[in-house]
*Asks:* 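Okay, here's the structure, questions in a sec.
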Amino acid sequence: MDQKNDFIRQIIARDLEAGRHDTVVTRFPPEPNGFLHIGHAKSIVLNFGIAGEHDGARCHLRFDDTNPSTEDPRYVEAIQDDVRWLGYDWGEHLYFASDYFERLYGFAEELIRKGLAYVDSQSEEAIREGRGTVTKPGTPSPCRDRSVEENLDLFRRMRAGEFEDGAHVLRARIDMAAHNMIMRDPLLYRIRHVEHYRTGDEWCIYPLYDFAHCLEDAIEGITHSLCTLEFENNREIYDWLVENVTIDARPRQYEFARLNLDYTVMSKRKLLRLVKEGRVDGWDDPRMPTIAGLRRRGFTPASIRNFCEMIGVAKADSRVDMGKLEYAIRDDLNRKAPRVLCVLRPLRVTLTNWPVDAETGEPEVDWIDAPHFPRDVGLEGARRVPFSGELLIDEADFAEDPPKGFRRLVPGEEVRLRYGYVIRCDEVVKEDGRVVELRCSYDPETRGGDTPDGRKVKGTIHWVSAPHAERCTVRLYDRLFSVPDPDAAAAARGEDADISDFLNPESLEVIEGAYIEPSVRDDGFETRYQFERVGYFWRDPGSDGLVFNRIVTLRDSWAKVGTKLTGLGGGTSGDDGADGAERPGDSAESRSGGSGAAIPGKPGERPPVSPEVQARADALVEAFGLDAVDAEILARDPAVVDFYRAAVQAWPGEDSDAATSLANWIINALPPVQGSRSLDQLPFGPAELAELVALVEEGTLSSRGGSEVLEVLARDGGTPADIVEKLDLAQVSDEDALRPVVQRVVAAHPDKVEAFRGGKTGLMGFFMGQVMRETGGKADPELAQGLLREALDGP
RNA sequence: UGGCCCGUCGUCUAAUGGCAGGACACCGGUCUUUGGAACCGGCGGUGGUGGUUCGAAUCCACCCGGGCCAACCA
């Protein structure tokens, strides 16, 4: 198993290494207002997975039950079932936000006492209007400057139940003009005279997410609080609260991209609607992307875990191809599922030369040993299947007028019955033009499917013995929606469109008259089968009798050929689900923004700048002969201009390019090491920068070494000369010192040398990298490159 | 339109200034008593334009494209 190394695990590794934490504590914090879906599985696998990778680490299961009007204990049960089913164990660490209500209330009073929160008695609309818009700042509430005493009194009376719903709210006092709308005095508590499923009527005020979540994390000692991208804006209030409340913990929030899957939706609200409107048969309908749905469909926990690990964790919005999920379950089941024979759409086959028992006059029955697994799976197990003169094969496995490449039964030709005999179709019986029976002869020499004479039989098809087979129901599931992105499709169609307009009408096909071999009769519900040549199935856990759910089809390269040749779905099951054709609804293809690539790069026009900036820039051009663009970048911030001018002043040498070099360093190299600090917060000043750049210009330092020094400077301060000396960063420009290194590198990689000489010039980077590594990054790059070229060109 | 975030094969994801790699999908082939599996091979990518650097997917600037934020939801 290769090590996962996504950006979150990298952050954790760095934090552990830096000693910021002794171990890592994560949490999975669902609200019990619906069932978990595969998007949650991604989060569960991430959070519990990380906890499993470190000593002493743990992952809490916490129910974020702060909104009693939408929550229900039945969801609490379902969620625990799902997490357990996925294979994770929270041990002792089961928590409920509602258990923290008293402590959270205490934090709220603390904020009030610090003047950081106030009771607002405006109406809901007034609060909304006061918040402003993304482009207009908000206006302060008239209640914003209430005294601490009044706020405390009001808040206590809110708790005591003296007010109606909506009469007051508690808000943080932050900044009504903040660019981040969430920071415009966010609501902390609202009054809700609603019974909570755990605390009953103990409370009539309930905390909001932004207030509660970060403090819950802090209370539990969570170190890394992982959530999805849409909470990025909330991180600011998260940090603000944790810092302004007395608590001995400093959790950090990190955001990753939520999972989007093609042909389904991933929103509890929308899934709930599908359930409520009866579009599906409950939260656990096998077409639903819920954990419960996938479980009922027949997916295994391992397949879902593998899927989640396959898709990775990153920050880019993404939409995963259904094929990946299908691969995960096929990959798992291929190695586990016993093979059996099941005929979905039966076509009668009569063997005209099948023997009759001489004594009884009854047709004989041949019980054949058939392995449960093909050789390459390597598992033991077998059953006996009855073979007789009255057989059923799948309609799709016979063609009177076969397309090119058809390798099944056709008139006058042979086909092998899996594990059975080779048969030949002699006669096609029709009724009203429909094929109703095939009269065939079997070859008694081919029992088990072997051909002792060595003749090749191209096709092998599945079958059952009609008198012995069990009649069963088979449910064929397909994608829930007919478009890859139902949300986008609905949005593109307009106001009155809804995702339910894009439900796939063929997402469920029920076949009542299928026939399966009798060996399955005594198996338990938990057995997952491969119906050979058809797909993976298991018995529907919610149904009595023989009712099979299709988990996933087999990969079917014939179906693709059929699609290509005929333009129609081919495939054994008749439902290929393979056409990815765009429906009219999603004309607005939202992905892979085409225009950027299509329009040949027109030169970037620079936006207009303010007169002040322009004036400063002009002055810089005038004084130092800077490039206009560089001057403008520097000129945006007067502090940067001052810094730059001071650096030029401090320039120790007489290099005429000093002005340009300094500008380059300030523009290109400084921002990454500066971080969010302002220039005067840096532990070094213009003089040090000037000294550093001079060191590079005179050749004492390579530009690479200069970057290293700058990094140290920005972190620890000091002077460039000292750092160069302490870290031994002085550039090696001595040809005699470098030549052996170059020769060593070249000698160590004869294959690369050959490739380089063969034209793979990109390898120069590789060789340079090697030389740099050997010299600790100190080699004079120009010199090293020259020597490398020399060594590489001639043997 | 203000702020924040994000753009790497068709899709998902690595590369943390030094050989653009893997997975799924797709296309060929080998093998095959599953048109399955396995194995081998192939196709195919850094949104654009400038700049910094010996060297840029990576750093800087601008442009383009996408996402999130104006619930008393989470």
Side-chain angles (χ1 to χ4, degrees), chain A residues 5-6 10 31 33 64 66-67 70 124 127-128 131-136 138 165-166 169 178-182 184 187 189-192 208-209 213 229-234 255 257 262 310-312 314-321 323-324 327 330 334 339 374 376-377 405 407 416 418-419 448-450 457 459-460 462 530 532-533 554-559 561 572 590-597 599-607 627 629-630 632-633 664-665 667-669 671-672 702-704 707 752 755 760 762-770 772-773 780-782 784-785:
Chain A
N5 197 31
D6 49 77
Q10 288 177 23
E31 184 191 12
N33 66 346
D64 207 2
T66 57
N67 185 4
T70 58
E124 200 172 331
I127 289 176
R128 190 169 27 245
R131 193 146 33 216
T133 70
V134 289
T135 48
K136 281 205 307 274
D165 286 9
V169 291
H179 288 299
N180 183 352
M181 299 282 302
I182 287 171
R184 320 244 259 229
L187 273 58
Y189 270 89
R190 77 294 223 188
I191 300 171
R192 274 262 216 288
L208 278 107
Y209 170 86
H213 199 90
L229 250 27
E230 67 267 29
F231 291 98
E232 273 170 334
N233 296 317
N234 303 62
E255 311 86 17
D262 273 350
M310 224 181 329
I311 59 175
K315 289 196 74 156
D317 270 308
S318 60
R319 169 165 295 272
V320 175
D321 191 314
K324 221 145 190 160
Y327 171 83
R330 285 188 192 118
N334 173 50
R339 273 59 170 174
D376 53 277
V377 168
R407 301 216 312 245
R416 176 188 294 108
R418 180 85 164 152
Y419 311 124
D450 295 320
V457 176
T460 300
H462 57 280
Q530 186 193 101
E532 293 212 45
R533 304 210 310 131
L554 252 31
R555 260 184 86 232
D556 188 353
S557 46
W558 174 245
V561 173
T572 49
S590 63
R591 303 180 57 68
S592 70
S595 61
I599 296 172
K602 71 174 177 181
E605 286 164 32
R606 302 195 67 80
D627 173 85
V629 172
D630 290 350
E632 184 206 305
I633 295 169
N664 280 338
W665 279 82
I667 291 169
N668 294 303
S702 66
S703 66
R704 181 194 162 112
S707 301
K752 305 275 190 196
K760 195 169 179 193
L763 250 21
M764 179 54 81
F766 165 77
F767 288 114
M768 279 294 285
Q770 294 296 311
M772 285 301 176
R773 179 178 305 181
D780 178 334
E782 244 155 323
Q785 190 148 48

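Both backbone and side-chain heavy atoms feed into the values below; hydrogens, waters and symmetry mates do not. We name chains A, B, ... by the order of the sequence lines, and we start the count at 1 in each one.
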*Asks:* Would you say a side-chain N or O of A/S557 is under 4.0 Å from OP1 or OP2 of B/rG36?
*Replies:* yes
*Asks:* Kindly indicate whether the side chain of A/D627 and the base of B/rG51 share any N or O donor-acceptor pair separated by less than 3.5 Å?
*Replies:* no
*Asks:* Which stems does RNA chain B form, counting runs of 3 or more consecutive Watson-Crick or G-U wobble pairs with both distances under 3.5 Å?
*Replies:* B:2-7 with B:64-69, B:10-13 with B:21-24, B:26-30 with B:38-42, B:47-51 with B:59-63
*Asks:* Heavy atoms only, 4.0 Å cut-off, all strands: where does A/V169 land among base, sugar-phosphate and nothing?
*Replies:* base
*Asks:* Whole Å only: how far is the CD atom of A/E532 from the P atom of B/rA37?
*Replies:* 13 Å
*Asks:* For A/E230 and B/rC68, give me the distance from atom CD to atom P, rounded to whole Å.
*Replies:* 9 Å
*Asks:* Heavy atoms only, 4.0 Å cut-off, all strands: where does A/P374 land among base, sugar-phosphate and nothing?
*Replies:* base
*Asks:* Can you give one letter per nucleotide of nucleotides 1-6 of chain B, going 5' to 3': B for a protein heavy atom under 4.0 Å from the base, S for sugar-phosphate only, - for none?
*Replies:* BBB-SS
*Asks:* Taking atom C1' of B/rC73 as reference, at what distance in whole Å does atom CD1 of A/I127 sit?
*Replies:* 16 Å
*Asks:* Side-chain donor or acceptor of A/R606 under 3.5 Å from a matching atom on the base of B/rG50?
*Replies:* no
*Asks:* Which value, in whole Å, describes the distance between the C1' atoms of nucleotides B/rG18 and B/rG42?
*Replies:* 28 Å
*Asks:* Does the side chain of A/V169 reach to within under 4.5 Å of the side chain of A/I127, using non-hydrogen atoms?
*Replies:* yes
*Asks:* Does A/Y189 reach a base, just sugar-phosphate, or nothing at all? Heavy atoms under 4.0 Å.
*Replies:* nothing
*Asks:* Tell me what A/Q530 touches on the nucleic acid: a base, only sugar-phosphate, or nothing, going by heavy atoms under 4.0 Å.
*Replies:* base
*Asks:* Quick one: label A/L187 by what it contacts on the DNA or RNA (base, sugar-phosphate, nothing), any heavy atom closer than 4.0 Å.
*Replies:* base
*Asks:* Nearest 0.5 Å, what's the CG-CZ distance between A/D780 and A/R704?
*Replies:* 13.0 Å
*Asks:* Is B/rA71 in the syn range, within 90° of 0, or in the anti range?
*Replies:* syn
*Asks:* Using a heavy-atom cut-off of 4.0 Å across all strands, would you classify A/T66 as base, sugar-phosphate, or nothing?
*Replies:* sugar-phosphate
*Asks:* Can you measure from CD (A/E124) to CG (A/L187) and round to the nearest 0.5 angstrom?
*Replies:* 9.0 Å
*Asks:* Could you grab the distance from atom CD1 of A/I182 to atom CZ of A/F231, nearest 0.5 Å is fine?
*Replies:* 9.5 Å
*Asks:* Minimum heavy-atom separation for A/R330 to A/R555, with atom names?
*Replies:* NE-N, 3.6 Å
*Asks:* For the residue pair A/R339 and A/P374, what are the closest heavy atoms and their distance?
*Replies:* NE-CD, 3.5 Å
*Asks:* Please name the pair of heavy atoms, one in A/K324 and one in A/I311, separated by the smallest distance, quoted to 0.1 Å.
*Replies:* CD-CG2, 4.5 Å
*Asks:* At 4.0 Å (heavy atoms only), tell me whether A/L554 reaches a base, stays on the sugar-phosphate, or touches nothing.
*Replies:* base
*Asks:* Does any non-hydrogen side-chain atom of A/E232 lie less than 4.5 Å from one of A/K315?
*Replies:* yes
*Asks:* Let's test your reading of the model: under 3.5 Å, does the base of B/rA23 pair with the side chain of A/K324 as donor and acceptor?
*Replies:* yes
*Asks:* Would you mind reading off the distance between A/N664 atom CG and B/rA61 atom C1', rounded to a whole angstrom?
*Replies:* 12 Å
*Asks:* Remember a base hit wins even if backbone is also touched, and classify A/E124 as base, sugar-phosphate or nothing at under 4.0 Å, heavy atoms.
*Replies:* base
*Asks:* Looking for any heavy atom pair under 4.0 Å, which part of the strands does A/R704 touch: base, sugar-phosphate only, or nothing?
*Replies:* base
*Asks:* On the nucleotide B/rC73, are OP1 or OP2 found under 4.0 Å from the side-chain N or O atoms that A/R190 carries?
*Replies:* yes
*Asks:* B/rU49 and B/rG41: how far apart are their C1' atoms, nearest whole angstrom?
*Replies:* 38 Å
*Asks:* Using atom C1' in both nucleotides, what's the gap between B/rG28 and B/rC12 to the nearest angstrom?
*Replies:* 24 Å
*Asks:* Between A/G405 and A/G132, which has a closest nucleotide on RNA chain B that is more 5'?
*Replies:* A/G405
*Asks:* What is the nucleic acid contact for A/D376, judged by heavy atoms within less than 4.0 Å: base, sugar-phosphate only, or nothing?
*Replies:* base
*Asks:* Within this structure, what is the CZ-to-C1' distance between A/R339 and B/rG36, rounded to whole angstrom?
*Replies:* 7 Å
*Asks:* Taking atom C1' in both B/rC68 and B/rA25, what distance in whole Å separates the two?
*Replies:* 30 Å
*Asks:* Can you find a pair of side-chain heavy atoms, one from A/Y419 and one from A/E532, that are under 4.5 Å apart?
*Replies:* yes
*Asks:* Taking only the C1' atom of each, what is the distance from B/rG45 to B/rA15 in whole angstrom?
*Replies:* 13 Å
*Asks:* Measure the spacing between CZ of A/R192 and OG1 of A/T66 and express it to the nearest 0.5 Å.
*Replies:* 10.0 Å
*Asks:* Determine the Euclidean distance between corresponding C1' atoms of B/rC59 and B/rG3; express it in Å to zero decimal places.
*Replies:* 24 Å
*Asks:* Could you work out the separation of B/rC69 and B/rA74 based on their C1' atoms and round it to a whole Å?
*Replies:* 14 Å
*Asks:* Atom CG of A/N234 to atom P of B/rC69: distance rounded to whole Å?
*Replies:* 9 Å
*Asks:* Please determine whether a side-chain nitrogen or oxygen atom of A/R192 lies at a distance below 4.0 Å from atom OP1 or OP2 of B/rC73.
*Replies:* yes
*Asks:* If the P atom of B/rG36 is compared with that of B/rC26, how far apart are they to the nearest Å?
*Replies:* 11 Å
*Asks:* Considering every strand and a 4.0 Å limit on heavy-atom distances, what is the contact class for A/M310: base, sugar-phosphate, or nothing?
*Replies:* sugar-phosphate
*Asks:* Could you tell me whether the side-chain ring of A/Y209 sits stacked on the base of B/rA74, using a centroid cut-off under 5.5 Å and a plane angle under 30°?
*Replies:* no
*Asks:* According to a strict under-4.0 Å criterion, is A/R131 in side-chain N/O contact with OP1 or OP2 of B/rC72?
*Replies:* yes
*Asks:* Please give, in whole Å, the distance from B/rA56 C1' to A/M768 CE?
*Replies:* 14 Å
*Asks:* Please report the closest heavy-atom contact between A/T133 and A/R184, naming both atoms and the distance.
*Replies:* O-NH2, 2.5 Å
*Asks:* Could you tell me whether the side chain of A/E31 reaches within less than 4.5 Å of the side chain of A/Y209, counting heavy atoms only?
*Replies:* no
*Asks:* Is the phosphate of B/rG35 approached by A/R555 (side-chain N or O, under 4.0 Å from OP1 or OP2)?
*Replies:* no
*Asks:* Contact class for A/G166 (heavy atom, under 4.0 Å): base, sugar-phosphate, or nothing?
*Replies:* base
*Asks:* Regarding A/Y419, tell me which of base, sugar-phosphate or nothing describes its non-hydrogen contacts under 4.0 Å with the strands shown.
*Replies:* base
*Asks:* Base, sugar-phosphate alone, or nothing: which one does A/D450 contact when heavy atoms must sit under 4.0 Å apart?
*Replies:* base
*Asks:* Using every non-hydrogen atom in the two residues, find where A/A316 and A/A257 come nearest and quote the distance to one decimal.
*Replies:* O-CB, 3.3 Å
